[in-house]
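On a predicted model such as this, the values are computed, not experimentally measured, just so you know. Ligands are counted one by one from 1 in listed order, and the atoms in each one are counted from 1 as well. All heavy atoms count here, side chains included; hydrogens, waters and symmetry mates do not.
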Amino acid sequence: MVFTHKDFDHHEQVVYCTDPAAGLRAIIAVHDTALGPALGGCRHWSYASEADALTDALRLSRGMSYKAALAGLPLGGGKSVILANPAADRGAMFEAFGRAVECLGGRYITAEDVGTTTGDMSAIRRHTRHVSGVAPDEGGRGDPSPATALGVLMGMLGALELRFDSDTLAGRRVAVQGLGSVGFELCRLLHERGARLIVADIAAERVERAVQAFGAVGVGVDVIHAVEADVFAPCALGAGLNDATLPQLACSIVAGAANNQLAHAGIGPQLKARGILYAPDYLINAGGLIKVAGEYLGFPIEEAERRVRAIRERTGEVLLRALREDADTAAVADTMACEAIGRAVPAASRR
Ligand code: NAD
């Protein structure tokens, strides 16, 4: 089931971990360690099936290899998923997971992801040092979201420069979908630079907060992707760019934080055909990874920030190469990541 799985991409290792006493069932996928140990968050989620959990681990770990490679980090890509178990004692479950991570001897480094907290990382750390994203009062660097938002801003500036020959945000209309940890911080950065914000979130109080703090205009979650804007910034869930939403887009640029924004590989060429410049998700949302990598590898905070700001230049390189090769930007990002790792480009990205 693993070797023939549609998302299996010659992953180096896929480890199933169980600890019945602690109620743990988890999968750790190590995609590639050519550039360094595989860093990637631990997702804690109620999966409909074991197969769904495996799919998530395989897809997300490959994405982490690409993200680290394009960010120029000496790291590979991995990801873990814990199948939610409401009957389990959370602390015991994450401690058991820490023991499983330790068994890999540093080939895999875990961190926070959807459904996990800095508290969970503390529980993991009782059994392994191969964990990052620990709370500041325990010697870590805390929440990676502000660094992610800064990186997205950098990617957006790179895309604006290419599209409009100017990276000024003053007066530009930016539609932000999702006002969570990253989306709200991104709004703050955009507001400081004079952008006009249109926002949506399923949580009405978050929209209200953005209206009050940034003079944003709130719209419904069903129309945010379709508003006329210079930039559409998806900062909610994945697959927001799909066969239904694509014809409705009314923006020049898509640049946001959400992972896996394209519902399938065919969306990249369609965005290009529509003249919409897409700043690839894992390229511009790498700020958080850079921050947790800095915590694990021990490079100074200033160096981490310099690397986050370098996302702008890297975005320019990817977008310019796509222009030169008349290719879609998502495929070019995949190709450049594979070149950096020394891997064959998967068939779905060869377009
Ligand atoms: P979050 O959970 O804090 O925020 C997500 C927000 O989106 C919430 O406010 C939620 O109410 C809203 N939302 C959900 N569905 C929506 C919909 N249909 N329309 C509008 N809003 C909706 O998450 P986050 O940490 O801000 O991350 C946002 C995205 O960026 C995620 O896709 C995440 O995987 C990705 N990402 C985050 C980081 C990070 O450092 N936090 C790093 C890389 C990528």
**OP:** Specify the protein heavy atom at minimum distance from atom 17 (C) of ligand 1: its residue, its atom name, and the distance to 0.1 Å.
**Re:** Ile202 CG2, 4.0 Å
**OP:** Look at the rings of Phe97 and Tyr108 and say which category their plane angle falls in: under 30° parallel, 30 to 60° tilted, over 60° perpendicular.
**Re:** perpendicular
Original post:
Salt-bridged, Arg321 to Glu339, with N to O below 4.0 Å?
Top reply: yes
Original post:
Looking at ligand 1, does any of its N/O atoms fall within less than 3.5 Å of an N/O of Ser181?
Top reply: yes
Original post:
Any N or O on Lys67 sitting closer than 3.5 Å to an N or O of ligand 1?
Top reply: no
Original post:
Hey, what's the ring geometry for Tyr66 with His31, parallel, tilted or perpendicular (30° and 60° as the breaks)?
Top reply: perpendicular
Subject >> Single-linkage hydrophobic cluster Phe164~Leu277, side-chain heavy atoms < 4.5 angstrom >> reply: yes
**OP:** Would you give the length of the straight line joining atom CG of Leu320 to atom OG1 of Thr329, rounded to the nearest 0.5 angstrom?
**Re:** 12.0 Å
Original post:
Does Arg25 make a cation-pi contact with Tyr47, if we ask for NZ or CZ under 6.0 Å from the ring centre and within 45° of the axis?
Top reply: no
Original post:
Which atoms of ligand 1 are found less than 4.0 Å from any heavy atom of Val221?
Top reply: 19 (N), 20 (C)
Original post:
To which protein heavy atom is atom 32 (O) of ligand 1 closest, and what is the distance rounded to 0.1 Å?
Top reply: Ala236 O, 2.7 Å
Subject >> Nearest protein heavy atom with distance in Å, relative to atom 30 (O) of ligand 1 >> reply: Ala257 O, 3.2 Å
Original post:
Are Arg99 and Glu102 ion-paired here, with the side-chain N under 4.0 Å from a carboxylate O?
Top reply: no
Original post:
For ligand 1, is any non-hydrogen atom under 4.0 Å from Asp201's backbone (N, CA, C, O), its side chain (CB onward), both, or neither?
Top reply: both
Subject >> Any non-hydrogen protein atom less than 4.0 Å away from atom 40 (O) of ligand 1 >> reply: yes
**OP:** Would you mind finding which of Asp143, Val176, Thr148 brings a heavy atom closest to atom 38 (C) of ligand 1?
**Re:** Thr148
Subject >> Hydrophobic cluster membership, Val101 vs Leu39, 4.5 Å side-chain cutoff >> reply: no
Subject >> N-O pairing of Glu305 and Arg309 below 4.0 Å >> reply: yes
Original post:
Can you list the atoms of ligand 1 that are under 4.0 Å from a heavy atom of Ala258?
Top reply: 29 (C), 30 (O), 32 (O), 35 (C)
**OP:** Do me a favour and list the nearest non-hydrogen protein atom to atom 4 (O) of ligand 1 with residue, atom name and distance?
**Re:** Gly180 CA, 3.1 Å
Original post:
Under 4.0 Å from atom 2 (O) of ligand 1, is there any protein heavy atom?
Top reply: no
Original post:
When Lys79 is tested against each of Asp56, Asp113, Thr110 for side chain to side chain donor-acceptor pair (under 3.5 Å), which residue passes?
Top reply: Asp113
Subject >> Where ligand 1 meets Arg206 - atom numbers and elements under 4.0 angstrom, heavy-atom basis >> reply: 8 (C), 9 (O)
Original post:
Does Ser145 have a heavy atom less than 4.0 Å from any atom of ligand 1?
Top reply: yes
Original post:
Backbone, side chain, both or neither: what part of Leu289 comes under 4.0 angstrom of ligand 1, heavy atoms only?
Top reply: neither
Original post:
Of the backbone atoms (N, CA, C, O) and the side-chain heavy atoms from C-beta on, which set of Val182 has a member under 4.0 Å from an atom of ligand 1: side chain, backbone, both, or neither?
Top reply: both
Original post:
Looking at atom 33 (C) of ligand 1, what's its closest protein heavy atom, distance included?
Top reply: Asn259 ND2, 4.1 Å
Original post:
Which residues pass the side-chain contact (heavy atoms from CB on, under 4.5 Å) test with Ser145, sequence neighbours left out?
Top reply: Asp143, Ser181, Val182
Original post:
Which residue owns the protein heavy atom closest to atom 43 (C) of ligand 1, what's the atom, and how far is it?
Top reply: Asn285 O, 3.6 Å
Original post:
Please walk me through it: do Asp52 and Thr55 pass side chain to side chain donor-acceptor pair (under 3.5 Å)?
Top reply: CA-CA 5 Å; Asp52 284 359; Thr55 300; 5.1 Å; no
Original post:
Where does Cys235 meet ligand 1, judged by heavy-atom distances below 4.0 Å: at the side chain, the backbone, both, or neither?
Top reply: backbone
